[in-house]
Amino acid sequence: MSQRFGRSQRGRGAAPAAEEEEPRSGGGGVDGAQMQLHSRLNAIRGDMYGIKEVIEKIIHACTVTATDLEEIDETDSVSEVDQSLRQLLDAQHRLEVEENLLASLCSSSENADPETEYVRGWEKSERKYSALSDAAKYGANEKYREFRQQVWDVKHDGEAMPPLFGEAGGEASDEELVIAGARMTYKCPITTTWLNDPVTSKTCKHSYTKQAIMDYLKAQRGECACPVGGCSRRVRAADLFEDKVLERKIARHLRQLEAEESAATYTMVQ
């Protein structure tokens, strides 16, 4: 197996005793070896799910950190976080490539030379990805767009975010650029009041007050259409996550409104 693939197997140690016995029950040496290979490939794929969860948590931490830094005008530090996020997204892409390659090997009943097949697929994908511009790699990446939107909103709340890579970043479609510059509402579509303890749907990205959407789901027997007008997605409790980044944005927005009201009152008194 290739050096990269070999490291993945060696890092997981020897296979359990039950797995070592699989070749004997396979009805032949070749079939048994194939079963053992598939078993180990599936084990590696299982480990990848855990790595993907860790990456998701770090991406979220990058967003929280960058928004805090932007608020205190630490522009250079925000740029460093931006670069770290891009590296994370690169790693996430490569992990998905490896997962797809392993899935292909597992689903194939006959792999005459799995090492060659794996290396060929990896190198082809790496060449293609390395040739892409930053606009193509990140401009259409939902997580990167969301990160940039959150940082932008710290100082430009309510203003449409400009295209991420300027006029020349043509890989992103007009529709994607519109999404990148979309204005976010801070009010719950159910209560029509300020979002409180907000949760966001993974499927449609709309947000709701946690208690309101949970009560709504309970009344609809656990699943409902998204309460936002015009959205056709379905919502379940399992699709929701506590949106701490949005919660911080709302708090900043409310502080800004309070400051503006105080300034207006002071002007009237003058």
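Only heavy atoms go into these numbers, but all of them, side chains included; no hydrogens, no water, no symmetry mates. As the structure is a prediction and not an experimental result, all values here were calculated from the model. Quick note: residue numbers are just sequence positions, from 1.
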D239 side-chain N/O to R236 backbone N/O, donor-acceptor pair under 3.5 Å: yes

Between Q150 and E70, a side-chain donor and acceptor under 3.5 Å: no

Distance-only polar pair, side chains of D90 and Y138, donor-acceptor under 3.5 Å: yes

Heavy-atom pair of closest approach, residues L101 and W122: CD1-N, 3.6 Å

Nearest atoms (heavy-atom pairs only) where P227 meets Y208: CD-CE2, 3.5 Å

Counterpart residues, side chain to side chain contact (heavy atoms under 4.5 Å, CB included), relative to N141 (two or more places apart): L89, K143, Y144

With H93 via ring-ring contact (aromatic ring centres under 6.0 Å, His included) - residues at least two apart: Y129

Side chain to side chain contact (heavy atoms under 4.5 Å, CB included) partners of T191, counting only residues at least two apart: C188, T193, T209, A212

Donor + acceptor pair across side chains of N100, E96 (<3.5 Å): no

Heavy-atom pair with the smallest gap, counting every atom of K202 and A238: NZ-O, 4.1 Å

Any donor-acceptor N/O pair, S125 side chain to G121 backbone, under 3.5 Å: no

R86 and D82, any side-chain heavy atoms less than 4.5 Å apart: yes

